[in-house]
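The structure under discussion appears below in the form of structure tokens.
Counting starts at 1 for both ligands and their atoms, in listed order.
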Amino acid sequence: MARIFSVVNQKGGVGKTTTSVNLSAALALGGHRTLLIDIDPQCNATNAVGHEPANHHAMIGETPLLESVLDTKTESLSVVPGSRRFQDADVMAAAGEDAAKRFRGHLDSVMDEYEYIVVDCPPSATAMTETSLTASTEVLIPIQCEYFAMVGVAQLIGTIKKVITATDGRLTFGGILLTMYDESLELTREIEDEVRDFFGDIVFENVVPRDVALSEAPSHGQTVFQYAPRSRGAYAYTQLCMEVLQRD
Ligand SMILES: Nc1ncnc2c1ncn2[C@@H]1O[C@H](COP(=O)(O)OP(=O)(O)O)[C@@H](O)[C@H]1O
Ligand SMILES: [Mg+2]
């Protein structure tokens, strides 16, 4: 059975998409069949693996999910592209419980095809995000080493606990990841201390440093492993991948 990760934080710009794309790629490069699902209407993850957004989102449609899965230039890494259509008016919320059931049904339908499924969630507590959490086995929370890093995280933990209670414990805390880490900054170290004191062991030992390769790769439609395989960013996501594999 696949491990299904939802990558969430209602703050934008904290590294959700960068983590979804490069963790997926690292898992695939390790020989694991991996599916990246983009449910953010900005579709940055879709672009980052060299594809264009779809007209309709496969996760809320009725067509079997595998018909919408695209190969990427990374062997063993496939993607369900995002759609810009559920901007603002959240189609999912409008369609209610039916759409949520379909979303979960789609995930269940590919559980045997993939070892890892990574869902890149939008920067808001939308119905899509909550449904994704409900259907996942683990939640990954990237936290940017910046002022106000913890703002909103308590609320997010509340949402996650609610989902865990409602789903009989299928969802667990997969881990918290410190991103855009700069060890030369006092601020980074203060935030690291705060996050580790508060969350303890669920915080990954590995951190992701600020690295220009990570921010440039998506504009070339590439993962960091294609764009700059020797970069610090590529190294960091390889290390994170190993930690994720060990936490199984
Ligand atoms: N470790 C990093 N080093 C440098 N730039 C980063 C790093 N992580 C993310 N970025 C850049 O920061 C911006 C926000 O990251 P992104 O992953 O898109 O966040 P989110 O999906 O949470 O909105 C993007 O331009 C991305 O390329
Ligand atoms: Mg994003």
Hydrogens and angles aside, do [X] and [Y] bring a side-chain donor and acceptor to less than 3.5 Å of each other?
| X | Y | value |
| --- | --- | --- |
| N44 | T17 | no |
| T188 | D182 | no |
| Y237 | T18 | no |

Taking the inter-plane angle between the rings of H32 and Y116 on a 0 to 90° scale, is it parallel (under 30°), tilted (30 to 60°) or perpendicular (over 60°)?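 The arrangement is perpendicular - the two ring planes meet at more than 60°.
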
Residue shell for ligand 1, any heavy atom closer than 4.0 Å, reads G12, G13, V14, G15, K16, T17, T18, M180, V208, P209, R210, D211, L214, S215

Determine whether N22 and T223 satisfy the following criterion, side chain to side chain donor-acceptor pair (under 3.5 Å), listing intermediate values before the conclusion. CA-CA 6 Å; N22 294 302; T223 70; 4.6 Å; no

Hey, is the Mg ion (ligand 2) within less than 2.8 Å of some N/O/S atom on N44?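 Short answer: no, not a single N, O or S atom is under the cut-off.
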
Out of curiosity, T34 OG1 to L27 CG, how far, rounded to the nearest 0.5 Å? 4.5 Å

